[in-house]
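Note sheet for the following structure.
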Amino acid sequence: KNEVEQSPQNLTAQEGEFITINCSYSVGISALHWLQQHPGGGIVSLFMLSSGKKKHGRLIATINIQEKHSSLHITASHPRDSAVYICAGGFGNEKLTFGTGTRLTIIP
Amino acid sequence: GAGVSQSPSNKVTEKGKDVELRCDPISGHTALYWYRQRLGQGLEFLIYFQGNSAPDKSGLPSDRFSAERTGESVSTLTIQRTQQEDSAVYLCASSSGTGFLNTIYFGEGSWLTVV
């Protein structure tokens, strides 16, 4: 069964803190997506990665294929980073399997 | 268009009525997806189109749900005889190729409330 699990479910941090959100998945993943969902529902794709590490601005995503684990990091967090972060696994078909999301709140 | 466009953005309907939700994907994107998200819950896959064909309809929750795509462009998700449990945001997404290997672009969603 294709499974994707995220932790933590909720995360509150002070502005400026370094944030890490974790995602673990079952075998067979071909690609892993990190998505950001803002209050009001809009979803933005942050990263798609199948190996290594990607960086965009203050966001960094890593994936360790051997450990079946991915992390999303946010450096110098800001209140506008407050959102739900979702990891989703592509297991070789078109049915992405979604994690339950991590609700991030950054306090000024 | 510049992004994935969905309409209506909000729809309130009476139980038992039919509703149609529309998605305009990014021009040239061959793959189109419909997802559902109930309040406070995660995303559920409904259906996927490659061109005008739907190779995978396994996520459609019941035979009251159907979807079509024409011209490798616009897609319509139809819910017949709506029930209160159909209340959710319905999200459309598109990508230029095989979605799990390409960036997926989401629309803003159609918020459906069945009363």
Side-chain angles (χ1 to χ4, degrees), chain A residues 1-10 21 23-52 54 56 59 61 63 65 70 72 83-103, chain B residues 3-6 8-10 21 23 26 29-51 53-60 67 69 87-113:
Chain A
K1 184 181 175 184
N2 299 336
E3 292 182 333
V4 175
E5 293 185 358
Q6 279 186 247
S7 64
Q9 278 192 308
N10 292 280
I21 299 170
C23 178
S24 59
Y25 53 86
S26 58
V27 296
I29 201 166
S30 300
L32 188 128
H33 297 254
W34 280 102
L35 311 171
Q36 180 191 53
Q37 185 170 31
H38 291 284
I43 295 179
V44 174
S45 177
L46 299 175
F47 297 102
M48 189 281 297
L49 65 167
S50 54
S51 65
K54 288 189 176 180
H56 186 259
L59 272 61
I63 188 167
I65 302 297
S70 177
L72 176 69
V84 175
Y85 292 83
I86 304 166
C87 69
F91 289 88
N93 56 38
E94 291 301 324
K95 253 191 296 190
L96 285 180
T97 301
F98 294 88
T100 53
T102 295
R103 183 172 300 277
Chain B
V4 178
S5 177
Q6 290 187 247
S9 53
N10 283 284
L21 308 176
C23 173
I26 292 173
H29 278 191
T30 56
L32 186 146
Y33 309 83
W34 283 99
Y35 299 97
R36 178 172 73 175
Q37 187 174 33
R38 291 191 168 119
L39 189 63
Q41 298 188 20
L43 287 153
E44 300 173 70
F45 169 85
L46 296 179
I47 190 170
Y48 148 67
F49 288 91
Q50 183 62 251
S53 300
D56 191 343
K57 303 179 183 179
S58 63
L60 294 176
R69 188 181 185 194
S87 296
V89 59
Y90 290 82
L91 289 155
C92 177
S94 70
S95 75
S96 59
T98 307
F100 65 93
L101 291 176
N102 287 276
T103 299
I104 298 173
Y105 298 86
F106 285 82
E108 292 294 312
S110 290
W111 294 78
L112 175 65
T113 303

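Throughout, a chain's letter reflects where its sequence line sits, starting with A, and its residues are numbered from 1. Everything numeric in this text was worked out from a predicted model, so none of it was measured.
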Pair Ile43(A)-Leu43(B), side-chain contact (heavy atoms from CB on, under 4.5 Å): steps then yes or no: CA-CA 11 Å; Ile43(A) 295 179; Leu43(B) 287 153; 3.8 Å; yes
Contacting moiety of Leu35(A), where chain B heavy atoms sit under 4.5 Å: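 It is the side chain, since no backbone atom gets that close.
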Proximal component of Leu49(A), with respect to chain B [non-hydrogen, under 4.5 Å]: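 For Leu49(A), there is no contact with chain B at all, as no heavy atom is under 4.5 Å.
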More than 12 heavy atoms from other groups under 6.0 Å of CD on Gln41(B):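 Enclosed: over 12 neighbouring heavy atoms sit under 6.0 Å from CD of Gln41(B).
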Nearest heavy atoms of Ser45(A) and Thr103(B), plus distance in Å: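 Shortest heavy-atom separation between Ser45(A) and Thr103(B) comes out as OG-CG2, 3.5 Å.
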